[in-house]
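Here's the structure, in structure tokens; my notes come after.
Quantities reported herein were computed from a predicted structural model and do not represent experimental measurements.
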Amino acid sequence: MQAPMIGELAWYVTGRFYVAKADQAIADYGYFLRLQGIDGSLFCGAPGESTAHFTFAAEPFTATNVANGDLTLSLDAIGDFSVYFNAQPGAATFADPSSFSTGEKIAVFQRVGVVVGATIGTTGTASPIASNVFTAKLVSSKEFDFNGQRYDLHRLLPHGVTQWGTASMQTTDAPPEYEGSYPFVGSAIAVGLGAR
């Protein structure tokens, strides 16, 4: 187990944003494609949500939109997301977002500031895409065993991550209570502790 150096790639994730019909609350759910410092495959079989050992789920949040020409800027509130370890994967499916919060909760991260996302409007037949960036601090973690080793995300990412994401704004199939489901990918680097 080797923790990433400051500024080194910490993880890749993929998931979906869901927008609730009732109150327009947004939440994101998904799984880890890579988690630096964890030895062995992160999947039990071919990579996908149903075989992922490590998943995540965000607390629902609201966003404020600001328009600037053909850019729509989304200001997301500070909020938490949790990381889960599934010794026996199989429950996670994008048809049921809550399924990504099963298993053993091994960490909670908190976005430390407003998340700014930008959506570029549709041109011709192209679908718009969105990007965002945020920093999240690790607020709690617990040890877990995986592939014969003991891990703790506090030892791997004690100060959290900064993540950049890209999302499609073309909705995929969404459960009935949601008006949209938007796939995304995120790449994060390890944050260091600077002088204050």
Side-chain angles (χ1 to χ4, degrees), residues 10-33 35 49 52 54-68 71-86 91-121 127-142 153 157 159-191:
W11 70 47
Y12 290 129
V13 295
T14 191
R16 294 185 187 176
F17 291 108
Y18 293 83
V19 180
K21 287 179 180 177
D23 57 7
Q24 298 296 292
I26 303 167
D28 55 291
Y29 306 89
Y31 60 95
F32 287 80
L33 299 165
L35 188 50
E49 68 269 22
F54 298 92
T55 61
F56 63 88
E59 293 296 321
F61 57 90
T62 57
T64 301
N65 291 332
V66 178
N68 179 7
L71 291 179
T72 300
L73 306 177
S74 175
L75 308 178
D76 303 342
I78 293 172
D80 295 348
F81 63 93
S82 299
V83 178
Y84 297 86
F85 169 60
N86 299 272
T93 171
F94 287 119
D96 177 12
S98 66
S99 65
F100 287 89
S101 57
T102 60
E104 179 182 4
K105 185 186 289 190
I106 58 171
V108 176
F109 289 84
Q110 181 180 72
R111 296 186 304 274
V112 297
V114 172
V115 180
V116 177
T119 302
I120 301 173
S127 297
I129 62 169
S131 65
N132 65 45
V133 62
F134 65 85
T135 295
K137 65 179 179 180
L138 180 67
V139 295
S140 67
S141 69
K142 62 176 289 191
L153 291 189
L157 298 166
H159 308 300
V161 299
T162 294
Q163 177 174 301
W164 288 263
T166 303
S168 167
M169 295 311 292
Q170 182 69 43
T171 186
T172 58
D173 293 335
E177 64 271 30
Y178 297 97
E179 70 175 33
S181 168
Y182 306 92
F184 71 89
V185 61
S187 304
I189 60 172
V191 170

Within a reach of under 6.0 Å around CD of Glu104, are more than 12 heavy atoms found that belong to other residues, nucleotides or ligands? yes
Scanning both residues in full, the closest heavy-atom pair of Ala92 with Ser99 reads CA-OG, 3.4 Å
Across all chains, not counting sequence neighbours, the ring pair (Phe, Tyr, Trp, His ring centres under 6.0 Å) partners of Phe100 are Phe94
**Item:** Flag if over 12 foreign heavy atoms under 6.0 Å of CG, Asn65
**Value:** yes
Taking Lys21 for its side chain and Pro176 for its backbone only, find out whether a donor-acceptor pair lies under 3.5 Å.
yes
Worksheet item: Can a donor-acceptor pair be found between the side chains of Thr166 and Ser131 at a distance below 3.5 Å?
Response: no
Q.
What I want to check is whether the side chains of Asp80 and Ser82 have a donor and an acceptor closer together than 3.5 Å.
A. no
* Asked: For Leu153, does its backbone N or O pair with a side-chain atom of Ser141 as donor and acceptor, under 3.5 Å?
  -> no
Are Asp28 and Phe81 packed together at the side-chain level, in the sense that at least one heavy-atom pair is separated by less than 4.5 angstrom? no
Of all heavy-atom pairs linking Pro97 and Pro175, the shortest is CD-CG, 3.8 Å
Q.
Just so I know, are the side chains of Trp164 and Ile189 near enough to count as touching, which here means a heavy-atom distance under 4.5 Å?
A. yes
Judged by atom type as modelled, is there a donor-acceptor pair below 3.5 Å linking the side chain of Thr172 to the main-chain atoms of Ser181? yes
*Note, Gln24 side chain near Glu179 side chain (heavy atom, < 4.5 Å)*: yes
By ring pair (Phe, Tyr, Trp, His ring centres under 6.0 Å), Tyr18 pairs with (sequence neighbours left out) Tyr29, Tyr178
Scanning both residues in full, the closest heavy-atom pair of Met169 with Ile129 reads CG-C, 4.1 Å
Here the gap from Arg16 atom CZ to Asp173 atom CG, rounded to the nearest 0.5 Å, amounts to 7.5 Å
Looking only at heavy atoms, the pair that brings Arg111 and Ile78 closest together is O-CG2, 2.9 Å
Open item on the list: For Thr162 and Phe134: C-alpha separation, side-chain torsions, deciding distance, then whether side-chain contact (heavy atoms from CB on, under 4.5 Å) applies.
Closed with: CA-CA 6 Å; Thr162 294; Phe134 65 85; over 6 Å; no
Residues at least two apart in sequence or cross-chain that pass ring pair (Phe, Tyr, Trp, His ring centres under 6.0 Å) with Phe17, listed by chain then number, are Phe184
Please verify the inter-ring angle class for Phe32 with Phe54; under 30° counts as parallel, over 60° as perpendicular, anything in between as tilted. perpendicular
Minimal heavy-atom distance between Ala63 and Ser74, with the atoms involved, is CB-OG, 3.4 Å
Residues Gln163 and Trp11: closest non-hydrogen pair is OE1-NE1, 2.8 Å
More than 12 heavy atoms of other groups within 6.0 Å of Tyr12 OH: no
